[in-house]
Student: 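Below you will find the structure I want to go over with you.
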2 protein chains.
Amino acid sequence: MASNEVASSAKAKYLQIADDLAAQIKSGALAPGSAVPSEAELMQRYAVASGTVRKAIAELRTSQLIETHHGRGSFVRSRPPVQRKSSDRFRRAHRKAGKAAYLAEAEVSGGTPSVTVLFVGPTEAPADIAERLSVPVGTQVLARKRRYFRDGVPTEEATSYLPWDVVKDIPEMFAENPGGGGIYARLEEHGQQLAEFTETVRARLATKPETAALALSPGSPVIHLVRDAITSEGRVVEVCDTVMAADQFVLDYRFPAKD
Amino acid sequence: MASNEVASSAKAKYLQIADDLAAQIKSGALAPGSAVPSEAELMQRYAVASGTVRKAIAELRTSQLIETHHGRGSFVRSRPPVQRKSSDRFRRAHRKAGKAAYLAEAEVSGGTPSVTVLFVGPTEAPADIAERLSVPVGTQVLARKRRYFRDGVPTEEATSYLPWDVVKDIPEMFAENPGGGGIYARLEEHGQQLAEFTETVRARLATKPETAALALSPGSPVIHLVRDAITSEGRVVEVCDTVMAADQFVLDYRFPAKD
DNA sequence: TAGTGGTCTAGACCACCTT
DNA sequence: AGGTGGTCTAGACCACTAG
């Protein structure tokens with residue numbers, strides 16, 4: 001049949017369908033975790049072709065309202081509460097109490113945190129990292145890459161880079177678990193008095209590998225944070241490169257109104 | 001015809017096409033600003049149906065590699081340099097020199113900044129803002145909403161909320177242009193000694209209105225920043241709610257390793 | 001095996017932009 | 001007017017997941 005009464009002045013059909021479903025989700029008629037009606041059913045209900053239903057579904061997916069699984073169906077997303085990353089988290093008091101930064105936070109944000117160490121070992125410093133560490137590009141540094149979870153869901157992946165001469169006499173740095181208080185506590189025990197941190201924050205869409213690593217749907221935003229740990233002598237002794245699922249985090253900063 | 005030799009074990013055709021075009025863009029064969037071949041031509045070149053080409057194009061669009069304009073075509077995006085928002089930007093020295101924060105920054109980041117005031121006037125405080133200002137929800141406050149541009153391109157939209165009793169005797173607050181040094185300079189002239197700022201940073205996808213306001217393509221990420229300006233008496237005298245195009249900004253923070 | 005989403009076709013008509 | 005992208009149809013076959 002060729003009865004194509006296509007979108008005219010009104011809104012596109014697929015958007016109307018998406019809006020309708022979105023309203024049902026927001027009203028709770030479609031509860032979090034529940035299945036969205038199948039494409040076949042939606043085709044019948046709205047009397048449209050498959051392509052139109054699929055575009056509506058795609059719309060909801062990029063709005064992060066649903067997630068769809070091949071062969072199973074589409075399901076309403078449940079938005080877990082976000083974690084807060086406060087600049088307070090590096091307080092020396094926390095380190096002395098034996099807490100690593102990520103644990104100092106998890107206490108406040110609820111949920112059960114866990115970490116997996118993905119890699120610990122020597123690496124050639126990438127250009128941007130090398131610049132921050134003030135070493136030549138390609139210099140051997142220690143990399144510590146780990147993935148953080150909350151309630152079993154991956155939320156964050158972080159890689160720390162440390163100059164070799166700083167870590168070579170600190171055996172804990174090469175262990176999966178660097179001990180109470182984390183690597184910052186170890187650095188301070190070995191004469192590296194931490195004075196200051198700088199963080200640069202960007203937001204962008206996740207790359208393919210990041211969507212895989214953090215179990216994100218494509219088109220999800222991430223926060224990319226790079227932190228320099230600076231000693232009282234002004235040396236950068238660690239650069240930490242972190243990618244976070246954007247919907248999982250709120251960053252808090254506090255700074256004085258300087259002169 | 002029904003010769004559907006559909007995706008088998010290999011990659012989907014539309015992804016192959018997208019990858020091919022992406023490679024051409026990255027290699028420079030398709031230069032920034034230049035037109036991507038039309039759908040009709042791509043259909044011929046790759047010998048596929050229109051829908052397949054459109055999916056490939058959609059892929060590139062959500063990767064932020066191209067932008068498409070109805071009736072004109074698709075064009076390779078040129079990535080403009082990013083602005084840096086340093087926490088240094090609120091230095092009192094800058095205010096005394098007559099510079100508003102956004103100008104203090106633009107100096108460093110290149111490009112010509114401009115501002116449009118969208119609204120200045122009394123508003124009922126939304127719930128989250130009211131909480132930060134420690135006033136009851138719905139209390140009348142002064143709202144100042146403006147849009148920032150760089151080289152004529154919208155990059156940021158910000159709304160400041162100030163308690164009525166703070167601003168009622170500061171006539172400049174109701175003007176489009178609050179005068180040299182911006183509203184923070186006016187506040188300090190009227191006895192509000194600013195001591196501290198707090199910022200909370202989130203990243204998420206742009207809403208429909210935000211894509212319109214900031215001329216973004218749908219699915220683009222934004223940075224949502226909310227700043228409290230706090231006086232030496234501990235009162236929050238301004239809350240600034242800002243939405244930024246994520247690809248335009250890098251946020252810089254610096255903080256001491258506190259005890 | 002039945003049901004689900006994923007890919008693809010070969011068209012159609014519409015809306016926008018340029019000439 | 002002619003080209004461009006935007007929407008839509010009515011099917012087809014494939015791949016994944018469940019019972």
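So you know, we letter chains A, B, ... as the sequences are listed, proteins then strands, and number each from 1.
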Student: Go through C/dC17, C/dT7, D/dG6 for me and flag the one nearest to the B/K55 side chain.
Tutor: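 So the nucleotide nearest the side chain must be C/dT7.
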
Student: Expressed as a whole number of angstroms, how long is the span from B/M43:CE to C/dC8:P?
Tutor: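 The answer, rounded to whole Å, is 14 Å.
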
Student: Look at the side-chain N and O atoms of A/R72 and state whether any lies under 4.0 Å from the OP1 or OP2 oxygen of C/dG5.
Tutor: no

Student: Using side-chain heavy atoms (C-beta onward) and a distance below 4.5 Å, is A/R61 in contact with A/T68?
Tutor: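 Yes; the side chains approach each other to less than 4.5 Å.
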
Student: Expressed as a whole number of angstroms, how long is the span from A/H70:NE2 to C/dG5:P?
Tutor: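 So the NE2-P distance, A/H70 to C/dG5, works out to 9 Å.
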
Student: Between C/dT7, D/dT9, D/dA18, which nucleotide has the shortest distance from any of its atoms to the side chain of A/A49?
Tutor: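 Nearest to the side-chain atoms of A/A49, counting from C-beta on, is D/dT9.
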
Student: Could you check how far OH of B/Y14 sits from P of C/dT9, rounded to whole Å?
Tutor: 13 Å

Student: Using the side-chain heavy atoms of B/S38, tell me which of these nucleotides is nearest: D/dC8, D/dG5, C/dC8.
Tutor: D/dG5

Student: Can a salt bridge be assigned to the pair B/E39 and B/R54 using a cut-off of 4.0 Å between side-chain N and carboxylate O?
Tutor: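 B/R54 and B/E39: salt-bridged.
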
Student: Check the distance between C/dG5's P and A/L60's CG and give it to me in whole angstrom.
Tutor: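 Nearest whole value for this atom pair: 13 Å.
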
Student: Could you tell me whether the side chain of B/S50 has a donor or acceptor atom within less than 3.5 Å of a complementary atom in the base of C/dG11?
Tutor: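 Per atom types, the contact qualifies.
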
Student: May I have the distance from A/H69 (atom NE2) to C/dT4 (atom C1'), rounded to whole angstrom?
Tutor: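 Rounded to the whole Å, the gap is 13 Å.
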
Student: State which residue, out of B/K145, B/R227, B/H224, fulfils the side-chain hydrogen bond (donor to acceptor under 3.5 Å, both in side chains) condition with B/D241.
Tutor: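 Of the listed options, the one satisfying the test is B/H224.
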
Student: Return whichever of B/A40 or B/G51 has its heavy-atom-nearest nucleotide of DNA chain D closer to the 5' end.
Tutor: B/A40

Student: For A/R144, is there an ion pair with A/E176 - N to carboxylate O distance below 4.0 angstrom?
Tutor: no

Student: Quick one: look up who D/dG19 pairs with, Watson-Crick or G-U, both distances under 3.5 Å, and put none if it's unpaired.
Tutor: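 The base-pairing partner of D/dG19, which may sit in any strand shown, does not exist here.
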
Student: Measure CD/A/E41 against P/C/dG5 and give the value in whole Å, please.
Tutor: 10 Å

Student: Does A/T52 make a side-chain N or O approach to OP1 or OP2 of D/dT9 shorter than 4.0 Å?
Tutor: yes

Student: Any side-chain heavy-atom pair from B/L162 and B/M173 closer than 4.5 angstrom?
Tutor: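 Yes; the side chains approach each other to less than 4.5 Å.
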
Student: Roughly how many Å is it from CD in B/E39 to P in C/dC14, rounded to a whole number?
Tutor: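 For the pair B/E39 CD and C/dC14 P, the rounded distance is 18 Å.
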
Student: Report yes if at least one side-chain N or O of A/R54 is closer than 4.0 Å to OP1 or OP2 of C/dG5; otherwise report no.
Tutor: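 No.
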
Student: Take atom NZ of B/K13 and atom P of D/dA15, then tell me their distance rounded to the nearest Å.
Tutor: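 Distance, rounded to whole Å: 14 Å.
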
Student: Relative to the 5' end of DNA chain D, which residue comes earlier, A/V48 or B/S74, by the nucleotide with the nearest heavy atom?
Tutor: B/S74

